[in-house]
Structures are given as structure tokens and as C-alpha cells.
Amino acid sequence: MKIASFNINGIKARLPRLKEWLEETRPAVACLQEIKTQDEGFPAAEFEEIGYHAIWHGQKAFNGVAIVADGQAPVEMKRGLGIDGPKEGEGEQARYLEADVNGVRICNLYLPNGNPQPGPKFDYKLAWMKLLRERMLELLAAEQPTVVLGDFNVIPEDKDVYAVKAMEDDALMQPESRDAYKRLLGDGWTDAIDTLNPRGGVWTYWDYQAGAWQKDHGFRIDHLLLSPQAADRLVAAGVDKEYRGREKASDHAPVWVELRD
DNA sequence: ATGCCCAGGACGCCTGGA
């Protein structure tokens with residue numbers, strides 16, 4: 001069972017590329033982030049056409065997450081972590097969606113970026129990570145095969161970035177962000193990509209600017225965390241890097257994990 | 001030392017991203 005995550009940076013702008021990727025790699029489940037559309041604008045029929053069924057949690061212009069599954073509808077289990085955005089009165093941002101597919105709990109997240117730091121956006125990121133940890137502890141207690149995946153906006157270690165110097169002041173690799181991520185692993189979650197690539201050097205994001213893709217100036221911020229019951233079934237994990245190089249590409253590449261059936 | 005490039009929307013400039 002292949003489970004994937006892809007920050008698509010706008011579902012309307014990315015639809016042809018996204019359908020191409022689904023048809024070519026055919027994941028059983030794909031978690032999407034930054035769909036950047038309100039619920040009523042979500043192109044559900046486009047997925048039905050190629051055999052995928054979707055659930056989604058959108059908002060106007062920014063953020064937004066969706067889960068699509070091959071040949072069956074994901075069964076929604078939770079929407080949102082219950083935390084308001086950093087702006088006064090804006091309510092909760094669309095960043096978290098949880099569903100069951102084939103007995104596996106799928107938790108799709110788009111963690112706040114946190115820049116600039118320090119400041120209210122960074123505080124929001126850390127508060128969000130605290131709530132996420134609480135939710136993930138509940139998930140561990142349930143002892144169901146569970147995958148928590150998405151755009152974590154955290155560079156876990158120095159080996160996960162092309163140049164430490166270039167990113168040292170960024171919210172993605174501040175000690176507080178890294179410590180919060182490390183606490184998740186300490187609770188018993190397995191970072192699938194890191195486990196299979198312990199020397200690092202695996203990127204999931206390349207900036208549109210300054211020829212980052214051409215120079216391979218990337219970093220790893222999209223992660224797949226497995227509960228013990230899922231980690232027992234880990235077969236392979238990887239990055240569909242090639243898709244970052246296509247026309248009208250997202251600035252992220254898809255990441256995936258294969259679990260034994 | 002800064003900006004480079006994108007997407008979306010209020011639209012010919014702004015926010016937000018990372």
C-alpha cells in the first residue's frame with residue numbers, strides 16, 4: 001500500500017501535473033497540501049475521472065488540505081486541531097485532516113511555516129506543534145497502523161539541508177522547531193525517509209528562486225511518520241524528484257512510503 | 001546585503017510562501 005504526500009502549491013494551477021503524477025505512480029492514498037481553494041472550488045470530479053475519491057478542507061486563497069484514495073472514499077475521522085490562526089479573529093486555518101483508508105489511519109498536515117522568527121507566526125508554529133504532539137500521543141495509544149504525513153516545515157537536522165548557513169535564521173531549522181520534531185520521534189514515531197537514508201542529502205523542496213532546482217539547492221521538510229504498527233510494515237520510502245523538474249511544477253516534490261499489505 | 005519566483009485575489013500591486 002503506497003501512501004504519498006504532495007504539497008502542490010495551488011490545486012487549480014497544478015491540476016494537470018497532479019493528475020499526471022497520480023496516474024503514473026498510482027498511490028493508494030495521496031495527501032495534498034496548499035490546495036489554496038475554498039471548499040466549493042475543489043475539483044472533485046477531476047479526481048473521480050481517474051478513479052480517485054477525495055475529501056478536503058479548504059479556505060480562501062491559502063493553506064488547505066485534501067486526501068484522495070484509489071477506488072474508495074477516505075473515511076474522515078478528524079478535521080482541524082482546534083487552534084486559531086495568528087491574526088485576530090481569523091479562526092482556524094485549514095491545515096489538518098484525518099481519515100481511515102484500508103484500516104490505516106492517515107493524518108494529513110500542513111504545519112505553519114513560522115517565518116519571520118521571532119514573532120507571532122513563529123509562536124503559532126510552536127503552539128501548533130504542541131497540539132500536534134498531543135494528538136499524535138492519542139493516536140499512538142490507539143495502536144492502529146497510522147501514518148502522519150505532510151509538509152512539516154521543519155528541517156530536522158543539518159544533513160537535511162543543502163547549506164546550513166543559507167537557512168540558519170529560518171523558522172524551518174530553529175532549535176525550537178527541531179526540538180519539537182525530535183520530541184515526536186522520541187514518543188515512538190519513525191521518520192520513514194530518514195530511517196532508509198540515514199546519511200541525509202534527500203530533498204523534498206527546491207525554491208523557485210535563484211536557480212535552486214538547477215543547482216540542487218534543496219532541503220527536506222515533507223515527512224512521513226509511522227506508528228510502530230505501521231513501521232512494522234515499512235517496505236520502502238522515497239521522493240518522486242523528477243516531478244519537480246517538469247513544466248509548471250510545484251516547488252515541492254511528492255514523497256511516499258510503501259507499507260506491506 | 002538583498003532579491004531572485006510563484007499562486008491567488010482585493011488584481012496592474014498586494015500577501016504569503018520557505
Side-chain angles (χ1 to χ4, degrees), chain A residues 5-19 21 32-43 46 56-66 84-96 109-126 128-129 150-158 160-178 180-181 202-223 239 241 243-255:
Chain A
S5 171
F6 193 0
N7 180 322
I8 55 174
N9 187 17
I11 199 162
K12 291 165 194 159
R14 210 69 59 213
L15 205 48
R17 285 288 91 91
L18 178 57
K19 290 172 75 177
W21 168 71
L32 311 176
Q33 303 88 35
E34 286 205 83
I35 62 175
K36 294 185 173 179
T37 178
Q38 296 180 90
D39 282 339
E40 50 270 35
F42 187 86
E46 299 272 352
W56 58 94
H57 180 199
Q59 69 175 78
K60 194 172 185 176
F62 305 114
N63 308 317
V65 286
D84 286 346
K87 274 193 211 151
E88 188 66 32
E90 74 171 303
E92 180 153 19
Q93 299 179 340
R95 296 181 175 275
Y96 188 86
L109 64 86
Y110 174 46
L111 214 146
N113 166 302
N115 280 307
Q117 71 80 29
K121 291 188 173 178
F122 190 60
D123 296 340
Y124 171 54
K125 175 180 198 156
L126 298 180
W128 208 96
M129 293 187 82
D151 179 355
F152 281 69
N153 271 318
V154 175
I155 297 170
E157 296 182 55
D158 287 355
D160 299 311
V161 59
Y162 75 98
V164 169
K165 195 87 183 157
M167 295 296 290
E168 63 185 350
D169 294 328
D170 199 286
L172 305 197
M173 55 177 275
Q174 291 314 296
E176 295 93 329
S177 312
R178 287 182 162 182
Y181 187 78
V202 177
W203 318 143
T204 67
Y205 170 90
W206 295 258
D207 202 305
Y208 286 124
Q209 302 182 68
W213 168 248
Q214 287 75 13
K215 294 184 233 172
D216 200 28
H217 286 179
F219 37 87
R220 189 172 74 96
I221 52 176
D222 300 274
H223 306 307
V239 180
K241 183 175 177 179
Y243 289 84
R244 177 61 183 83
R246 296 197 184 181
E247 286 291 308
K248 292 280 284 177
S250 170
D251 41 7
H252 294 249
V255 299

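Quick note on labels: first sequence line is chain A, next is B, and so on, each numbered from 1.
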Visitor: What nucleic acid atoms does A/Asp222 come within less than 4.0 Å of, heavy atoms only: base, sugar-phosphate, or nothing?
Guide: nothing
Visitor: Give me the residues of residues 115-122 of chain A where at least one heavy atom lies under 4.0 Å from an atom of DNA chain B, by number, or none.
Guide: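 Those residues whose heavy atoms fall under 4.0 Å from DNA chain B, taken from residues 115-122 of chain A in numerical order, are A/Asn115, A/Lys121.
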Visitor: Tell me if a side-chain donor or acceptor on A/Tyr110 pairs with a main-chain N or O of A/Gly64 at a distance below 3.5 Å.
Guide: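 Looks like no, no N/O pair under 3.5 Å.
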Visitor: Report, as a single string ordered 5' to 3', how protein heavy atoms within less than 4.0 Å touch nucleotides 8-14 of chain B: B base, S sugar-phosphate only, - not at all.
Guide: SSS----
Visitor: Quote, to the nearest angstrom, the P distance that separates B/dA10 from B/dC6.
Guide: 23 Å
Visitor: Say we look at B/dA18 and B/dA7: how far apart would their C1' atoms be, to the nearest angstrom?
Guide: 14 Å
Visitor: Check every strand shown and say whether A/Asp151 touches a base, only sugar-phosphate, or nothing at a heavy-atom separation below 4.0 Å.
Guide: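 Result for A/Asp151 = sugar-phosphate.
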Visitor: Please work out if A/Asn153 contacts a base, only the sugar-phosphate, or nothing of the nucleic acid, heavy-atom cut-off 4.0 Å.
Guide: sugar-phosphate
Visitor: P atom, B/dA1 versus B/dG12: distance in rounded Å?
Guide: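 It works out to 35 Å between them.
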Visitor: On a whole-Å scale, what distance lies between the C1' atoms belonging to B/dT2 and B/dC11?
Guide: 26 Å
Visitor: Please report the C-alpha distance between A/Lys36 and A/Asn9 in whole Å, then the side-chain angles of each, then the deciding distance to 0.1 Å, and finally whether the side chain to side chain contact (heavy atoms under 4.5 Å, CB included) criterion is met.
Guide: CA-CA 7 Å; A/Lys36 294 185 173 179; A/Asn9 187 17; 2.8 Å; yes
Visitor: Looking at A/Arg178 and A/Asp158, is any side-chain nitrogen of the basic one under 4.0 Å from a carboxylate oxygen of the acidic one?
Guide: yes
Visitor: A/Phe152 vs A/His223 aromatic rings, parallel, tilted or perpendicular, using cut-offs 30° and 60°?
Guide: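 It falls in the tilted class, 30° to 60°.
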Visitor: Would you check if the side chain of A/Trp213 reaches a backbone N or O of A/Arg244 as a donor-acceptor pair within less than 3.5 Å?
Guide: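 No, because the side chain of A/Trp213 does not come within donor-acceptor range (under 3.5 Å) of the backbone of A/Arg244.
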Visitor: Regarding A/Lys125, tell me which of base, sugar-phosphate or nothing describes its non-hydrogen contacts under 4.0 Å with the strands shown.
Guide: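 Touches nothing.
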Visitor: Under 4.0 angstrom, heavy atoms only, what part of the nucleic acid is A/His252 near: base, sugar-phosphate, or nothing?
Guide: sugar-phosphate
Visitor: State whether the side chain of A/Trp56 and the backbone N or O of A/Asp39 hold a donor-acceptor pair below 3.5 Å, judged by distance alone.
Guide: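 Side chain of A/Trp56 to backbone of A/Asp39: a pair is present.
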Visitor: Which whole number of Å gives the distance between the C1' atom of B/dG3 and that of B/dG9?
Guide: 24 Å
